[in-house]
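Working notes, structure below.
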Amino acid sequence: MAAGSGWTVTSQPLRSGLQPVSPVEKPAGLLRRIGAMVYDALIILAVWMFTLFPVVALRNDVVVGPGIQSLLFIELFGFFAYFWLMKGQTIGMLAWHLKLETLDGGPLRPRAAILRFLGALLSFATCGVGYLWIYIDPAHRSWSDLFSGTITVHARPEHAR
């Protein structure tokens, strides 16, 4: 892991391989994750409204079909992939002091972003079971974390350190 990341990876199996080494960063709890999801959902809704408004205005009718659904899905993935890959956190994660860390300490790769997104979709499709998984996993990882080889941590803000 990167220096000061708060986690040490050992050669033991992953169940016991992640050990917190600093009180500054710890695995993110469920309520904090949900808070970040709500923030991000509001931003996504605003982006979708910005996309749909001109289309509806030009057609002067409702807009349905696979084309518009595909566009909205691409925007959804693009939002998360951009922020995860470029910043390591979405806007909601930033507001709730969450960030992603890879288990090897390197940057998040595009493949991991895709797997993380698929893990999130699967978690929502199962009514949140993938997020409740943090209570089962010893390292408090959700399905998104497990699929992508990441951990979502609660990092105290810089001014509080």
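In this structure, Lys99 NZ and Leu94 CG are separated by 11.5 Å, a value rounded to the nearest 0.5 Å. Once rounded to the nearest 0.5 Å, the distance linking CG of Asp137 with CD1 of Ile151 reads 7.5 Å. Here Leu121 contributes atom CG and Phe147 contributes atom CZ; the two are 10.5 Å apart, rounded to the nearest 0.5 Å. The line from CD1 of Ile68 to CG of Leu72 is 5.0 Å long, rounded to the nearest 0.5 Å. Rounded to the nearest 0.5 angstrom, Phe53 CZ and Leu58 CG are separated by 9.5 Å.
Taking 4.5 Å as the limit, some side-chain heavy atom of Phe80 sits within range of a side-chain heavy atom of Thr90.
For Tyr39, the OH atom is loosely surrounded, since the number of other residues' heavy atoms within 6.0 Å does not exceed 12. Heavy atoms of other residues, nucleotides or ligands lying less than 6.0 angstrom from CG of Leu31 number 12 at most.
Listed here is the closest heavy atom pair of Thr152 and Met93: CG2-CE, 4.1 Å. Summarising the geometry of Leu85 relative to Pro110, their closest heavy-atom pair is CD2-N, 3.6 Å, with the distance given to 0.1 Å. Of all non-hydrogen atoms in Leu76 and Trp48, the two that sit nearest each other are CB-CZ2, 4.0 Å.
Contacts classified as salt bridge (Lys or Arg N to Asp or Glu O under 4.0 Å) and involving residues 50-69 (residues at least two apart or in different chains) are not found.
A ring pair (Phe, Tyr, Trp, His ring centres under 6.0 Å) with Phe117 holds for exactly one of Phe73, Phe79, Phe83; it is Phe73.
For Tyr131, the side-chain contact (heavy atoms from CB on, under 4.5 Å) partners two or more places apart in sequence, or in a different chain, are Leu30, Met37, Ala120, Ser123, Phe124, Ser142, Ser144. Shown here are the side-chain contact (heavy atoms from CB on, under 4.5 Å) partners of Val129, two or more places apart in sequence or in another chain: Thr126, Trp143.
Checked for salt-bridge contact, Arg33 and Asp145 meet the test: a charged N lies under 4.0 Å from a carboxylate O.
Classified by interplanar angle (parallel below 30°, tilted 30° to 60°, perpendicular above 60°), the ring pair His154/His97 is tilted.
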